[in-house]
Structure formats: structure tokens, C-alpha cells
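Report on the structure given below.
Along the sequence shown, residues are numbered consecutively beginning with 1.
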Amino acid sequence: PFPCRTEMCVGKCSRIVGPCLLALGTLSMAASILLLFPGGASKYLLEGHISRHALAVPGVWGGGIPVLLAATHITALGWRLSPLPARCSPQAFISTVLSKLAFLGAASCFILSGVGLTNGPLCFYNASEHSLGHGALWGYPFPDAAGQVPDASILHLLPSPSHRAKTYLYDRHTWSICLEPEGIVAWNVVLFSILLLASVAEMVLSFLQIINGCLGCLCGLCEGK
């Protein structure tokens, strides 16, 4: 009958969504933790030379823990690791609630990762070489970082404000502004990009599971399927 086919579809969808969310949540946590250790070095974290967006670890509390909690329950639901009643399964309802939390966490991760990617990393750069006499310092040399404008010493390296962020991301010549940590701009761009892509995928899968969980709550799962 039609209800049984619907219920079978609910179980199959959970068996796909759950493991995918497990992988994405693990990836988000790994990327967020790696942002704290540029080039694999811990000294910058100990010295406090990590950008505030990396220190926020959005991939841990946003795209990580809530997603992994939802993924674990969804996977158990899909593979029938616990007995479920035939109708109005409370596990399906719980999976819907956890999926909503995962969606919100992934959305938060997406927003903070986008801000971190746009603003660029905290790095040690030489302002004095541009003849304004500020010396070498730790800061955010790229536009709008942490609510700041770029340092005056490098304004002539960057085009108009509306195109600065694009230039920073696509013009690798500007990446040499950062002297330390070595390769910090590429490290920042790659890892925040991973967080952005992972959080988008998490939001899509969480939304699908919200719909799937609602169907499961209404229909339950077919016994023996």
C-alpha cells in the first residue's frame, strides 16, 4: 500500500542522510580546528595571533556538534538500531527536532565562515615597506576585517572598496602582504571555503531530513523493512 511505500522511503532516506551528515560534521570540526593551527604550528594560538573568526570555531559548535548529534540519531533511525512503533514514531519526531538544530548550527557556521573568509586572516605584515613608517605589526591587512578598514600603508595596493574583497580572494599577489604565519592567507581561504561548502551541504541535508522526519512522524516505519 501507499503508506508502506512512503515509510520505506523515509527509512531509506535516513540511511543516506545520516552517514552524509556524519562525514560533513566531522569535516567541519576538522577544518575549524585546523584554523587554530596555521601551518600545523601551535605557537600562534598560544601567542594569541589567531583571527577572531577562527577562534570562534564555527565548525565545532555550529557545523560540528549539532550536526553529529542529529546524524547519529538519523543513522540509528534509518538502520533500525532501536525498536520503533509502527505509527507516529517518537524517534522520527526527535530526528526532526535535531535536524532543525543542525540546520541552525550549519547556518551559523555558514555566516561566520563567510565573514572570516571575506575579512581575511590576522597576520604579521610589514607596513613600513610602503613608506608610511608604521613598522611591522600584527593585524588585519585586508578590508573590513574585524570591523576595521585596511591599514593606510597598503591602501594603494588595493583597488576601490567595492572590489577589495574580491581582489584579496582572487589576486594572489596581495597575499604576500602577510609575512607570518607562512602561507596563512591560503590556509585561511582553503579552510574557510571548506567550512562554507560543508555548511551549505549540511543545511540542504538537514532540511531534507526535517521533511523526512515529518513524514516518519506521521507514517512511522514499516516493520521488517
Side-chain angles (χ1 to χ4, degrees), residues 14 16-78 94-124 138-140 142 144-148 165 168-169 178 180-210 213:
S14 295
I16 296 172
V17 171
C20 289
L21 285 176
L22 279 172
L24 289 168
T26 302
L27 178 64
S28 292
M29 291 188 70
S32 197
I33 292 172
L34 285 173
L35 279 167
L36 301 177
F37 304 97
S42 61
K43 70 172 186 175
Y44 302 107
L45 177 61
L46 297 175
E47 294 170 356
H49 293 146
I50 300 294
S51 73
R52 65 184 61 184
H53 308 100
L55 285 174
V57 286
V60 173
W61 61 264
I65 293 174
V67 173
L68 290 177
L69 288 175
T72 302
H73 188 274
I74 292 166
T75 302
L77 178 68
I94 293 172
S95 78
T96 302
V97 174
L98 290 176
S99 296
K100 290 178 180 178
L101 294 177
F103 182 89
L104 292 176
S108 300
C109 180
F110 177 81
I111 293 171
L112 289 177
S113 298
V115 173
L117 180 63
T118 301
N119 289 346
L122 174 71
C123 68
F124 187 72
W138 285 93
Y140 296 88
F142 299 109
D144 302 321
Q148 304 172 15
Y168 143 63
L169 291 173
C178 288
E180 191 180 351
E182 184 178 357
I184 182 60
V185 181
W187 188 269
N188 192 78
V189 169
V190 170
L191 292 176
F192 271 126
S193 296
I194 289 174
L195 285 174
L196 279 173
L197 294 175
S199 59
V200 168
E202 288 171 345
M203 285 190 287
V204 171
L205 291 175
S206 297
F207 181 75
L208 290 176
Q209 184 58 29
I210 291 171

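Within the model, atoms CD1 of Ile33 and CG of Leu191 stand 11.5 Å from one another, a figure rounded to the nearest 0.5 Å. From Ile16, atom CD1 reaches atom CG of Leu205 across 10.0 Å, with rounding to the nearest 0.5 Å. Distance check, rounded to the nearest 0.5 Å: CG of Leu196 to CG of Leu112 gives 10.5 Å. How far CD1 of Ile210 is from CG of Leu98: 10.5 Å, rounded to the nearest 0.5 Å. Atom SG of Cys123 and atom NE2 of His49 lie 11.0 Å apart (nearest 0.5 Å). Summarising the geometry, atom CG belonging to Leu27 is positioned 8.0 Å from atom CD belonging to Glu202; distances are rounded to the nearest 0.5 Å.
A 6.0 Å sphere centred on CZ of Phe207 holds no more than 12 heavy atoms belonging to other residues, nucleotides or ligands.
Summarising the geometry of Gly62 relative to Pro66, their closest heavy-atom pair is O-CG, 3.3 Å, with the distance given to 0.1 Å. The shortest non-hydrogen separation linking Thr75 to Pro19 is OG1-N, 3.5 Å. Across all non-hydrogen atoms, the minimal contact from Ser28 to Gly63 is CB-O, 3.5 Å. Taking both residues in full, the closest heavy atoms of Met29 and Gly64 are given as CG-CA, 3.5 Å, listed atom of the first, atom of the second, then distance. A pairwise comparison of heavy atoms in Pro58 and Ser32 identifies N-OG, 3.6 Å as the closest pair. Shown here for Thr72 and Leu22, the closest heavy-atom pair between the two residues is OG1-CD2, 3.9 Å.
Taking 4.5 Å as the limit, every side-chain heavy atom of Leu101 sits out of range of all side-chain heavy atoms of Ser206. Two residues are said to be in side-chain contact when any heavy atoms from C-beta on lie closer than 4.5 Å; Ile50 and Leu122 fail this criterion. Between Lys100 and Thr96, some side-chain heavy-atom pair lies under the 4.5 Å cut-off. Counting heavy atoms from C-beta outward, Tyr44 and Trp138 have side chains that approach closer than 4.5 Å.
Panel note: side chain Trp187, backbone Leu34; a donor-acceptor pair is recorded below 3.5 Å. A donor-acceptor distance shorter than 3.5 angstrom exists from the side chain of Ser199 to the backbone of Leu195, with no hydrogens or angles considered.
Screening Val189, Asn188, Ile194 against Phe192 for a side chain to side chain contact (heavy atoms under 4.5 Å, CB included) leaves a single residue, Asn188.
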